[in-house]
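A, B, ... follow the sequence lines: proteins, then strands. Residue 1 opens every chain. Computed from a predicted structure; not experimentally measured. For the numbers below, each heavy atom of this structure counts, side chains included, while hydrogens, waters and symmetry mates do not.
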Amino acid sequence: MSRFLFVVPPFLSHIQPTVAIGAELGRRGHEVAWTGYAELAPALPGWARFYPIESSLVAVLRERARLTARAWLGGMKALFEGVIAPMAADMLAGVERAIASFQPDALIVDQQTIAGALAARRQGLPWGTSAPTAMLFEPVTPEFPKVEEWLTGLLAQVQRDAGLPVVPWPDRSDALVLLYVSREFVGSALVPPAHYRFVGPLFGERLAPPQFPWEALASKRRVFVSLGSVVAGRGGGFFAKVAEALGDEDLQVILQLPQDIELAAPANFIVRPWVPLLDLYPKLDAVLTHAGSTVVETLAFGLPAVVAPVAGDQFIFARAAVNSGAARRISFTRASAGEIREAVMAVLDDPRYRIAAQAMQRSLAAAGGAPAAADAVLALLPQ
Amino acid sequence: MSTIEQNKAEILATLSEMIKEVIGEDWVSETPITMDTSFVSDLEVESIELVALSEKIQAKYGETVDFPSWLSGMELEQIIALTVGQLVDYIAKCQSSR
């Protein structure tokens with residue numbers, strides 16, 4: 001039996017897939033543990049062994065994460081400069097303490113917590129990458145060499161500070177990269193290296209699902225609307241347009257609305273700060289989302305989507321969803337109520353969106369899920 | 001309107017059409033594209049779309065406008081700040097120095 005240590009950032013969508021893999025490894029008799037900032041403990045199930053890292057940086061990171069809520073390079077610069085590079089330096093000692101205590105045989109390191117990769121390299125341990133973002137879905141375009149220069153320069157400094165020889169991309173393993181989508185979803189733009197494993201979305205246990213008024217769900221076509229949490233503070237105008245766009249339609253709208261945004265909701269809206277989404281998907285007809293991993297889950301349930309990407313890799317998720325034929329894209333910043341209505345009604349009324357979503361559903365289910373991910377993780381060990 | 005300004009207005013109109021083709025009519029929305037429109041923060045384009053736009057510019061203006069090497073010389077911050085107007089000026093400049 002072997003021991004595996006997961007190194008994760010304090011972001012729920014990054015932790016969830018590792019919980020599913022950890023549970024699967026546990027079922028096969030292996031021991032698993034997590035390390036990361038102490039604040040992420042509530043995102044782990046009760047059975048999880050956790051080596052918390054105490055740091056005053058976490059509060060700063062939460063503020064900085066808001067700055068990443070911009071498109072493409074604006075968001076990418078804020079993410080790498082303000083979050084990923086500082087976390088790498090700040091977490092390294094804590095990860096090495098966790099390794100000393102737990103004595104893992106291999107590490108599974110989130111692509112945003114490079115400290116795990118640095119520690120594995122310093123100690124000569126095998127490691128794989130958990131890649132829940134869409135950053136690796138598309139090849140690096142050679143057209144902007146100075147962007148790549150800037151990024152690899154920043155990552156080179158992180159490695160030098162840890163006393164390691166410099167590789168161009170210390171955030172990804174050359175033995176295993178786990179991606180929680182299917183090969184078909186990523187599409188033909190990427191020729192993935194052989195160590196990229198597409199295992200589909202991992203629906204691990206969700207902790208304490210929130211209450212939901214199921215009896216209030218009308219038997220009309222149902223649309224779930226959510227822009228996630230990072231949009232908080234910027235979404236007010238968009239949500240007001242959604243209310244205007246869908247308030248008069250013969251639809252049941254379920255709107256996940258951040259608590260800091262006020263909205264006069266139309267009568268056909270159920271508004272909640274948080275919903276038990278995995279239980280809700282089977283009752284839906286379409287989803288309007290900022291993309292991100294929510295759009296992958298939406299397709300995994302065979303539902304068409306309208307995507308309004310807000311930040312960073314959401315644009316890549318959105319592009320893949322649109323290319324799959326299962327989604328329509330609208331602008332978060334500029335779409336009018338009329339355009340929102342038109343896009344939502346199109347994915348509901350035109351069967352081609354649903355047919356494409358169902359094709360994606362089959363490819364995501366065939367990707368193998370947690371068992372396939374656990375097989376790949378076990379293959380990291382020396383034979 | 002001077003000839004130069006007229007030329008720039010024509011280039012802006014041409015570019016607007018190309019941008020709509022690249023990022024989709026729905027996406028561009030009802031908001032007009034102006035000289036001050038920023039590629040990254042207003043139009044929310046990414047590398048793939050800028051490259052596609054670059055191909056369209058090449059097809060239309062040919063060798064006189066070397067958009068790819070102009071782009072490849074740009075620092076991260078310059079790309080973030082890039083406006084449609086800067087591209088219009090660049091194309092106009094390439095044409096006049098032909």
Side-chain angles (χ1 to χ4, degrees), chain A residues 69-78 80-81 134-135 137-154 187 189-190 241 306-320 322-323 327-340 342-343 346, chain B residues 15-16 18-59 61 63 65-84 86-87 90-91:
Chain A
R70 296 179 197 157
W72 190 33
L73 294 179
M76 191 201 78
K77 182 171 188 287
F80 275 86
E81 198 171 59
M135 193 174 160
F137 290 4
E138 291 176 353
V140 175
T141 46
E143 285 81 359
F144 311 97
K146 298 207 167 179
V147 172
E148 198 174 328
E149 245 173 67
W150 176 86
L151 193 50
T152 53
L154 185 72
L190 181 77
K241 281 187 274 185
V306 175
V307 287
V310 177
D313 71 325
Q314 292 162 6
F315 289 85
I316 306 178
F317 275 116
R319 197 153 40 231
V322 169
N323 289 343
R328 277 276 293 266
R329 177 172 162 177
I330 56 172
S331 166
F332 165 67
T333 50
R334 289 170 298 115
S336 64
E339 288 167 327
I340 294 171
E342 206 263 319
Chain B
L15 276 182
S16 299
M18 287 179 182
I19 291 167
K20 283 179 191 169
E21 283 169 32
V22 166
I23 47 186
E25 196 83 38
D26 297 335
W27 177 244
V28 176
S29 177
E30 293 144 5
T31 320
I33 293 170
T34 70
M35 295 291 272
D36 295 328
T37 303
S38 133
F39 279 102
V40 174
S41 62
D42 293 332
L43 295 174
E44 304 185 306
V45 305
E46 300 204 288
S47 54
I48 283 191
E49 288 132 354
L50 267 187
V51 170
L53 178 65
S54 160
E55 283 162 9
K56 284 192 182 293
I57 290 172
Q58 210 71 25
Y61 294 101
E63 297 301 308
V65 179
D66 193 359
F67 186 43
S69 45
W70 189 55
L71 266 186
S72 72
M74 280 191 197
E75 300 288 345
L76 183 82
E77 298 286 357
Q78 290 174 300
I79 302 172
I80 293 173
L82 182 66
T83 62
V84 173
Q86 283 174 285
L87 180 52
Y90 172 73
I91 293 172

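- Here the shortest heavy-atom pairing between Val40(B) and Leu73(A) reads CG1-N, 4.4 Å.
- Counting only heavy atoms from C-beta outward, the side chains of Val51(B) and Phe144(A) approach each other to under 4.5 Å.
- For Leu151(A), no part sits under 4.5 Å from any heavy atom of chain B, backbone or side chain.
- Between Glu143(A) and Leu50(B) the shortest side-chain heavy-atom distance does not fall below 4.5 Å.
- Among all heavy-atom pairs drawn from Pro145(A) and Ser72(B), the shortest one is CG-O, 3.4 Å.
- In this structure, the portion of Glu77(B) lying under 4.5 Å from any heavy atom of chain A is its side chain and not its backbone.
- Contact annotation: the side chain of Ile79(B) never approaches that of Lys146(A) to less than 4.5 Å [non-hydrogen atoms, C-beta and beyond].
- In plain terms, the two heavy atoms of Glu44(B) and Arg329(A) that are nearest each other are O-NH2, 3.8 Å.
- For Glu138(A), the part lying under 4.5 angstrom from a heavy atom of chain B is the side chain only.
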